[in-house]
K.L.:
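The structure is given below, and queries will be raised subsequently.
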Number of protein chains: 2
Amino acid sequence: MMSEKTVARLSLYRRLLKLFSDENRHEVYSHQLAEVVKVTPAQVRRDLMVLGYNGIPKRGYEVAKLTECIDKFFNVSKGIGIILVGVGNIGRAMLSYFREGKPYINIVAAFDLDPDKIGRVISGCQCYHIESMPKFLNDNKIRTAILTVPVGQAQGVAEFLIQNGIKGILNFTPARLKLSADVFVEDVDITMHLEKATYFSSIVTK
Amino acid sequence: MMSEKTVARLSLYRRLLKLFSDENRHEVYSHQLAEVVKVTPAQVRRDLMVLGYNGIPKRGYEVAKLTECIDKFFNVSKGIGIILVGVGNIGRAMLSYFREGKPYINIVAAFDLDPDKIGRVISGCQCYHIESMPKFLNDNKIRTAILTVPVGQAQGVAEFLIQNGIKGILNFTPARLKLSADVFVEDVDITMHLEKATYFSSIVTK
DNA sequence: TAGATTGTTAATCGATTAACAATC
DNA sequence: TAGATTGTTAATCGATTAACAATC
């Protein structure tokens, strides 16, 4: 089983490789990736080993082939469809964010309760009533959802999601979801991140 | 020096304590906090030890006093002012998010380049031209900034921020900032989080 | 008292790094 | 060849947990 940190780093390497590719660089060394991601070159080599693609001593890794391997690891070719639940401020920001320049992950539908939002197209994404979600998920074989509902509704909506086949949730609410162990929850706890930033910015006086 | 993880957990404990307080619970055990945060009770006790407030065997921790200690740890009493740079979709979402129910952290000003935004009040926050930032930071002794500019401008704006006294950045851009070591950067890498969620939701079939 | 929880340390665990033979 | 980088493992490091005496 792949560690969460390795997966997170592979996502970063992927982005860096795109930059190298844009600059027409054909090879990259482990220490070049390591510098940006702030790990040792050995760690990078270790991460890349799991992809089953080998670098060449003295030449490094071929940018194109390595990109292909990481894309394969993340199943890019399939084109991943996800849904978003809760079209509030953060929900709309995410619809806009993932509309641009994320070619393989697409938010294919948004769901809400607010009659003002239902039926509208927001940042290119159709907004439906949450009641129509079960049928939608079943028809489209969606496994991942972005959760941007108000905190009080988070647990209930999350349970509703997994009842309908969702296996992974990107949780932007501050709620700590209690769900069965076979569901993956990635928390993005914005308040916590900001409290960390304010805490450390006040003590780094030195 | 406090570990980042400990600070992150203290932020979570703080929120949980507020919930306990709302329920009129006066005491809390380490294992009750541990369950929600998904660590062992020993870890919770260890985290709380650093606050210099002791629990009582058999009775646990007093919710009110413990809250007070964590608030003190995060310097709540001071009322922390932060700024936001880049009033795009995510920037506006953050302005709205931190306007509600975050009593001690306030976004006191937003900055942008877009003439359409400058001079407006967005989610209760005044929007200024980025040129007026140095004076504002100096007058108001701000140390923390939320960075929500387009990725291509992130590094430049971040350098501008630290030139003007910012010591901590909450970075919502996918850029990996290269800054001096005495600046704290908290990355919120949304694409990476989503890629993690999609990866793990596709392999938890079991 | 008996039983449960605390503060605290030693042991454990897992992730990271140093190191090095192999290789281009 | 000489020098640099790779794949890989043993050593290191730091964070977490188990364990237990002290305590209410």
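Proteins come first, then strands; the chains are lettered A, B, ... in the order of their sequence lines, and each starts at number 1. Side-chain atoms are counted along with the backbone in the values below, which use heavy atoms only and exclude waters and symmetry mates.
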K.L.:
Measure from CZ on A:R45 to C1' on D:dA4 and round the result to the nearest Å.
P.N.:
11 Å
K.L.:
Between A:L95 and A:L84, is a side chain to side chain contact (heavy atoms under 4.5 Å, CB included) present by the stated rule, with each step listed?
P.N.:
CA-CA 8 Å; A:L95 288 177; A:L84 180 143; 4.1 Å; yes
K.L.:
Do A:R46 side-chain and D:dT8 base share a donor-acceptor contact under 3.5 Å?
P.N.:
no
K.L.:
A:R143 side chain to A:K167 main-chain N or O, any donor-acceptor pair under 3.5 Å?
P.N.:
no
K.L.:
Measure CG/A:L33 against C1'/C:dT16 and give the value in whole Å, please.
P.N.:
17 Å
K.L.:
Under 4.0 Å, heavy atom to any atom of DNA chain D: which of residues 58-69 of chain A qualify?
P.N.:
A:K58, A:G60, A:Y61
K.L.:
Do any side-chain nitrogens or oxygens of B:S30 fall under 4.0 Å of OP1 or OP2 in C:dT6?
P.N.:
yes
K.L.:
Name the residue closer to the 5' end of DNA chain D, choosing between B:D47 and A:Y29 according to the nucleotide with the nearest heavy atom.
P.N.:
A:Y29
K.L.:
Quick check against the 3.5 Å criterion: does A:N138 have a side-chain atom that pairs as donor or acceptor with the backbone of A:P134?
P.N.:
no
K.L.:
Contacts to DNA chain D from residues 49-57 of chain B, heavy-atom cutoff under 4.0 Å, which residues?
P.N.:
B:I56, B:P57
K.L.:
Would you sort out whether A:Y29 and A:Y61 count as a ring-ring contact (aromatic ring centres under 6.0 Å, His included), showing the intermediate values?
P.N.:
CA-CA 6 Å; A:Y29 295 136; A:Y61 301 85; 8.8 Å; no
K.L.:
Using whole Å, report how far CD of A:Q43 lies from C1' of C:dG14.
P.N.:
12 Å
K.L.:
When you measure from the side chain of A:T148 to the backbone N and O of A:G86, does any donor-acceptor pair fall under 3.5 Å?
P.N.:
yes
K.L.:
If a pair means Watson-Crick or G-U wobble with both distances below 3.5 Å, what does DNA chain D look like in dot-bracket form, with | marking bases paired to a different strand?
P.N.:
..||||||||||||||||||||||
K.L.:
Ring centres under 6.0 Å, that's the criterion: do B:Y199 and A:F184 meet it?
P.N.:
no
K.L.:
Distance check needed: D:dT6 C1' versus A:E27 CD, whole Å only.
P.N.:
14 Å
K.L.:
Keeping the roles fixed (side chain from B:S96, backbone from B:R92), state whether a donor-acceptor pair exists under 3.5 Å.
P.N.:
no
